[in-house]
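Some notes on the structure that comes next.
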Number of protein chains: 2
Amino acid sequence: MAAPRHRAAPDHTHPDDVAVETALAALADPVRLTLVRELASSGEWSRSCGSFDVPVGKAALSHHFAVLRAAGLVEQRDEGPRRVNRLRREEFDARFPGLLALVLREG
Amino acid sequence: MAAPRHRAAPDHTHPDDVAVETALAALADPVRLTLVRELASSGEWSRSCGSFDVPVGKAALSHHFAVLRAAGLVEQRDEGPRRVNRLRREEFDARFPGLLALVLREG
DNA sequence: CGGAGTGTTCGATGAAAACCATACACTCCC
DNA sequence: GGGAGTGTATGGTTTTCATCGAACACTCCG
């Protein structure tokens with residue numbers, strides 16, 4: 001058996017399994033764009049979900065992170081009581097070359 | 001006075017005046033993606049609006065072209081009874097380098 | 001144990017977007 | 001002039017998406 005898991009691990013999607021439409025739609029939202037940008041200018045695994053300055057409640061925020069995971073943009077890991085994030089720079093850029101750079105270049 | 005214009009010219013938006021979110025949202029739709037791709041593999045000004053193989057009615061199609069114009073992706077010109085299209089490759093690529101190539105590389 | 005902190009899930013709501021059918025406008029050609 | 005072809009505008013329906021409030025699950029710490 002596997003080690004007992006006390007909390008459901010978030011299901012990730014690898015960028016390779018993501019359709020272009022999905023990636024574009026994920027990045028087309030202003031809130032998610034902020035998350036990605038702030039995440040890009042922070043160290044990996046340094047930001048918990050609640051540490052972002054976006055004008056939405058917890059529920060909506062949780063949903064946005066689910067969308068980002070499904071688009072292969074963000075990886076999450078449980079660290080104690082909080083869930084920390086990492087931008088999947090390399091993997092995502094390998095699948096969609098230049099796209100991340102494009103949205104990071106402005107803002 | 002200017003020469004009499006019998007039909008309203010479509011209002012275009014230059015890619016330089018387009019926000020990233022707008023460009024991404026425009027390309028995130030499957031129908032519009034098809035239009036852009038088919039347009040990319042055709043000569044400039046060679047395709048009229050009705051010449052595309054998409055599963056939507058005339059009204060919806062007209063709307064999609066309006067979105068593409070607003071995103072700086074397509075330029076239109078009236079040619080007799082029909083409205084012909086051109087993909088704004090260079091201008092759009094100057095504003096969003098690599099984005100067009102990205103969506104054209106697949107499909 | 002019990003409370004504080006963090007994040008997800010559920011149900012409902014409101015706004016935005018896609019779509020259709022119809023009606024209209026314009027051009028071409030007989 | 002009148003009909004066929006092409007595209008737009010309008011009005012209304014349906015779907016999708018972002019959002020919230022409240023309830024729940026889990027971790028940490030006193």
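To find a chain, count down the sequence lines: A is the first, B the second, and so on, and within it residues start at 1.
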**Message:** By the ring-ring contact (aromatic ring centres under 6.0 Å, His included) test, which pairs, at least two apart or in different chains, include something from residues 70-107 of chain B?
**Reply:** B:F92-B:F96
**Request:** Provide, to the nearest angstrom, the distance between the CZ atom belonging to B:F52 and the C1' atom belonging to D:dT6.
**Result:** 14 Å
**Near-strand residues of residues 37-46 of chain B, defined as heavy-atom separation under 4.0 angstrom from DNA chain D** = none
**Prompt:** Would A:L39 and A:V84 show up in the same hydrophobic cluster when neighbours are defined by side-chain heavy atoms closer than 4.5 Å?
**Reply:** no
**Prompt:** Considering residues at least two apart in sequence or located in another chain, which fulfil the salt bridge (Lys or Arg N to Asp or Glu O under 4.0 Å) criterion with A:E79?
**Reply:** A:R77
**Item:** Within one Ile-Leu-Val-Met-Phe-Trp-Tyr cluster: A:L73 and A:V67, side-chain cutoff 4.5 Å
**Value:** no
Show me the donor-acceptor pairs within less than 3.5 Å that the side chains of residues 9-25 of chain B make with the rest of the protein, sequence neighbours left out.
| from | atom 1 | to | atom 2 | distance (Å) |
| --- | --- | --- | --- | --- |
| B:H12 | ND1 | B:P10 | O | 3.4 |
| B:H12 | NE2 | B:Q76 | N | 2.8 |
| B:H14 | ND1 | B:D16 | N | 3.0 |

**Asked** Partners of B:A40 by side chain to side chain contact (heavy atoms under 4.5 Å, CB included), sequence neighbours excluded?
**Response** B:L87, B:R89, B:L104
**Message:** According to side-chain hydrogen bond (donor to acceptor under 3.5 Å, both in side chains), does anything in residues 56-67 of chain B pair up with another residue at least two apart or in another chain? List the pairs.
**Reply:** B:R32-B:H64
**Request:** Would you mind classifying the nucleic acid contact of A:D29 as base, sugar-phosphate or nothing, using non-hydrogen atoms under 4.0 angstrom?
**Result:** sugar-phosphate
**Prompt:** Hey, mind stepping through A:E106 and A:R37 against side-chain contact (heavy atoms from CB on, under 4.5 Å) and telling me if it holds?
**Reply:** CA-CA 9 Å; A:E106 18 201 319; A:R37 283 169 176 161; 4.2 Å; yes
What N/O pairs connect the protein and nucleotides 12-14 of chain D at under 3.5 Å? Give each pair on its own line.
none

**Asked** Rounded to whole angstroms, how far apart are CD on B:E21 and P on C:dA17?
**Response** 13 Å
**Asked** Among residues 79-86 of chain B, which residues get a heavy atom nearer than 4.0 Å to DNA chain C?
**Response** B:G80, B:P81
**Item:** hydrophobic_cluster_shared for B:V56 and B:L35, side chain cutoff 4.5 Å
**Value:** yes
**Request:** Could you tell me the separation between the CZ atom of B:F52 and the CG atom of B:L61, rounded to the nearest 0.5 Å?
**Result:** 8.0 Å
Restricting both atoms to N or O, compile the protein contacts to nucleotides 11-16 of chain C shorter than 3.5 Å, with distance only.
none

**Sequence neighbours excluded - side-chain hydrogen bond (donor to acceptor under 3.5 Å, both in side chains) pairs with any residue from residues 39-49 of chain B** = B:E38-B:R47, B:S42-B:R47, B:E44-B:R86, B:R47-B:S51
**Request:** Go through the structure and list residues passing salt bridge (Lys or Arg N to Asp or Glu O under 4.0 Å) with B:D29, not counting sequence neighbours.
**Result:** none
**Complete:** Contact check, residues 53-71 of chain B vs DNA chain C, heavy-atom distance under 4.0 Å, returns B:V56, B:G57, B:A59, B:A60, B:H63, B:H64
